[in-house]
There are 2 protein chains.
Amino acid sequence: MRMASKSTSNDLAARKPNLREAILCAAEELFATNGFNAVSVRDIAQAAGANPGSVTYHFKTKDGLLLEIYNRHCGPMNRRRCELLAAARRVRDLQDRLEAIVRAYVLPAFSSGSDLAGGGARFTRLRAVMSAEGNEVARRIIAQTFDDTSHAFIDAIHESLPHIPRAEIVWRSHFLLGALYYTLVTPERVARLSRGSADGADAGNAIEQLARASVASFQAPPLDPSAPSRRRSMTQNKT
Amino acid sequence: MRMASKSTSNDLAARKPNLREAILCAAEELFATNGFNAVSVRDIAQAAGANPGSVTYHFKTKDGLLLEIYNRHCGPMNRRRCELLAAARRVRDLQDRLEAIVRAYVLPAFSSGSDLAGGGARFTRLRAVMSAEGNEVARRIIAQTFDDTSHAFIDAIHESLPHIPRAEIVWRSHFLLGALYYTLVTPERVARLSRGSADGADAGNAIEQLARASVASFQAPPLDPSAPSRRRSMTQNKT
DNA sequence: TCCTCATTTGTACAAATGTACAAAACTTTA
DNA sequence: TAAAGTTTTGTACATTTGTACAAATGAGGA
């Protein structure tokens with residue numbers, strides 16, 4: 001099969017700036033801002049200054065291109081997260097540790113730890129968009145690649161907040177990821193609603209704000225202090 | 001122009017269950033789960049048990065269909081939110097008031113206040129997906145329709161937490177909306193990560209969890225207790 | 001130099017897309 | 001019932017889509 005040629009050229013591709021790289025980068029950008037289906041192979045080729053045929057040559061299919069983008073980023077980002085998580089776990093003070101854990105989760109999502117310059121935020125935005133679109137390729141990889149790490153983070157947070165049921169920590173970490181995604185997807189909304197006094201695209205500030213808010217949300221008293229199963233409360237929704 | 005016939009039949013359409021209604025409903029469902037571009041007019045027609053031509057007849061274009069979905073929901077949801085907000089503002093205790101405001105924001109997003117059964121969550125999910133896809137039609141309507149309400153909520157929250165700079169409240173309400181969106185987009189992730197002990201699709205529980213977490217996040221001490229402009233801190237991101 | 005291989009190009013094609021429109025079917029009004 | 005209206009259908013059409021493939025181009029080793 002022709003994959004042989006692909007894998008041998010893989011190392012070379014990392015070294016010299018190919019069309020292959022340009023295509024990957026352009027596709028990442030376009031997918032992240034417009035979604036998977038709104039972007040055609042021709043759009044990508046044009047943005048990369050390449051021929052449509054080259055896309056097929058390097059990645060076989062459009063799905064293959066998306067897959068390659070994921071493979072390119074998932075490893076480094078997960079590794080970075082795990083490193084930071086390991087360091088955070090060694091923090092003695094429980095409050096400080098919680099904050100360190102949250103930062104370990106958030107930071108790699110904004111700035112990639114690998115050589116890919118500034119790709120972290122772009123890739124995270126891509127993930128946000130793919131998850132919103134319910135993209136099947138993305139769903140499979142994400143569940144395989146990130147669930148272990150997510151569990152590790154949830155467990156670490158649980159250790160620093162033992163009195164809160166694990167299920168509630170899951171909820172809150174889910175909210176954290178949603179907030180993170182949404183900030184990367186529509187940063188201009190923050191600027192608009194704050195009437196210009198905050199810049200949603202300022203990654204540094206976004207991280208600080210998100211960390212502060214998330215730590216507080218994790219520390220909130222549990223809804224259900226004892227049982228692990230859910231209990232209804234004063235909800236008056238009429239669904 | 002032929003819009004005259006449309007507006008006269010509008011009232012009738014609301015009364016008897018037309019193809020028009022079926023198409024709207026099917027489109028909403030499909031757009032909300034697959035995104036705008038992944039769904040073809042033919043898909044919608046088939047799901048509604050209608051002919052592709054009927055879609056063109058009633059809504060002229062695919063964009064027109066999306067527009068109609070928004071027009072259908074925005075009014076009622078905003079009205080409901082404002083009612084609940086007005087009630088929340090009358091709560092004396094500041095802590096209770098904050099919680100009431102947050103619920104006033106969240107509740108209508110899960111269950112529509114109008115006659116459209118259970119459409120609230122569906123429509124909110126649709127908005128989440130459209131915002132992720134960067135859909136232009138949606139972006140315009142959303143900014144026009146929801147920004148006033150968003151400002152009203154932000155101001156109300158600010159009143160109940162006067163020591164926190166408004167910009168930080170904007171950040172945190174942004175996070176709230178992101179968390180809300182993400183919960184509606186991928187509820188199964190909550191079930192998976194909690195190993196079945198929480199159900200992300202349970203709207204009642206989601207509301208409780210989200211309210212609890214958000215209230216705590218709003219109450220967090222501000223990053224910058226004095227100046228309204230942002231200050232950098234220990235961020236080590238390398239963008 | 002020529003040969004070999006990887007890459008890039010240009011073009012082709014079937015399938016799917018949004019939309020248009022005439023004819024048919026159904027409703028309402030007189 | 002007949003006429004006038006609205007709604008639904010069926011089909012057609014120009015574009016755009018993802019992908020395939022032969023030819024052209026380039027680079028490296030003998």
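By convention in this document, chain letters (A, B, ...) are assigned in the order of the sequence lines, proteins followed by strands, and residues within each chain are numbered from 1. The structure presented is a predicted model; accordingly, all values stated were derived computationally and were not measured.
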B/Ile69 side, atom CD1; B/Arg122 side, atom CZ - distance, nearest 0.5 Å: 9.0 Å
Aromatic ring proximity A/Phe123/A/Tyr70, centre distance under 6.0 Å: yes
Basic-acidic side-chain contact under 4.0 Å: B/Glu29, B/Arg125: no
Nucleic acid footprint by protein, nucleotides 8-18 of chain C - heavy-atom cut-off 4.0 Å, B for base, S for sugar-phosphate alone: BBB-B----BB
Salt bridge (Lys or Arg N to Asp or Glu O under 4.0 Å) pairs, two or more places apart, involving residues 142-151 of chain A: A/Asp147-B/Arg192
Partners passing salt bridge (Lys or Arg N to Asp or Glu O under 4.0 Å) against B/Arg139 (at least two apart in sequence or in another chain): A/Glu188, B/Glu136
